[in-house]
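Every number for a ligand or one of its atoms is a count from 1 in the order of the listing. Because the structure is predicted, anything quoted here is derived from the model rather than measured.
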Amino acid sequence: MKEKILCAKWILTSVEVEPLKDRCLVVQGDKIVELGSKQELLSKYPQAEVFFFENGLIFPGLVNAHTHAPMSILRGIAEDLPLMTWLNKVIFPLEAKLQREWVYWGTKLSLIEMIKSGITLFCDMYLFEPEVIKATEESGLKALVGEGLFDFPSPGYGPLEKGLELTEELLRNFENHAKIKIAVSPHTLYTCSAETIKKCLKLAEKFGAKIHLHLSENKEEVREIKKKYGKTPPYVLKDLGALSENLIAVHCVRLNKREIELLSRYKVKIVHCPESNLKLGSGIAPVPEMLKKGLMVGLGTDGPASNNDLDLFSEMRTACLVQKGIEENPSILTAKEVFKMATEIGAHSLGFKDTGKLLPGYKADLAVLDLNHVNLYPDYNPLALLVYSAKSGCVSDVMIDGEFIMRNYKILTMDEEQIKEKIQNIKKEILKILQKTFYISEKKNKLFS
Ligand SMILES: [Zn+2]
């Protein structure tokens, strides 16, 4: 097997280790086997293919631990609305008319955006997930995916029972897949009854699968659940037997200290999506308190219709800055902590334990930050550049399982121009639906005008 040697000005192997200067790493098959000096490695592997990144920073591929990738087709469609209005008046009615093909192309658009942001692994929950899987397999990215399950009928699978059947079929088909894993994904407690959650738990248990849901996203949700069950969402899940290390709970904005301790006791995995929470006016999750209590917190963008991008660099920066602001403490939630959330913690939470670091034995899932960009000069501190200065579009190369999927800014696995053209056609179809279905001003062509 011919090795690949990647040499760079900087290599950040993990946040626990100082970045390496003028070093190389060796990739054999899909794994990293060795790190060292150029001279030493070139003489040890004379047949290897060598790649030089003279002004590059190699870092572990980022992990977007929660998104709804196909929602890129709805980016910008409804803005500046509260979560429940946004969902009930715009997103859910539109999704009722969603078409399989839109999901495929919307996912492709998002995959391109994620690759350009150095993301190599993501977690998705949406409708028509087999289309998400198909697009993801073509792109070369890794993912944990699950069909979003609701009590009400879905345009993807029809009645709930069919959704559970589809999830079971996916769990069976992808049991030993190298890049795709399947989660059981009840949307949230306000769209799934206790009975539905129990059915999901049974299914997840049968396959040892992860459960992925939204939890305590805003005040209104907590109020609604409390009214229905007489207790807050984490305690409802506790009584249903849903709290475990296999549970991935997204948002957790409205948690008090007792609830944080409860989730920590059961080793529940949390995903923090600060930009979506800010945009929907949901609040700011108590991340420093969660970390203090030993919770594993990953980082996600949430869907591109409530963010409105899939740039995990900006998500890292926002995650740090909001906590420093509200706590009036610049030393809280450091670059090191947040980078760990966006790499190894996210990967571990999604069940991909051999990615997220660039050390021997780990999968060669990595990206190269091109330090020639003016916003990345000078390079005193590579970690600070990644968290506070980098932007989507500053990544030149991405490798997954030892294969380049982007090389020198060109995506090798997908046709970007074809995808853009398809998206413009989908936009026209969606606009036609909007004009028929919604309270829309023909003149202004704008929702809720
Ligand atoms: Zn979400």
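- Look at Lys432 and Glu429 and you find no salt bridge, because none of the NZ, NE, NH1 or NH2 atoms lies under 4.0 Å from a carboxylate O.
- Below 30°, between 30° and 60°, or above 60°: for His66 and His68 the angle between ring planes is above 60°, a perpendicular geometry.
- Under 4.0 Å is where a charged nitrogen must lie from a carboxylate oxygen, and between Glu416 and Lys410 no such pair does.
- Counting only protein N, O or S atoms, 4 lie closer than 2.8 Å to the Zn ion (ligand 1).
- Applying the ring-ring contact (aromatic ring centres under 6.0 Å, His included) test to every pair with at least one member in residues 113-138, sequence neighbours left out, gives no pairs at all.
- Contact annotation: the side chain of Lys108 never approaches that of Lys134 to less than 4.5 Å [non-hydrogen atoms, C-beta and beyond].
- Each of Thr343, Thr355, Thr120 was scored for a side chain to side chain donor-acceptor pair (under 3.5 Å) with Asp365, with one residue passing: Thr355.
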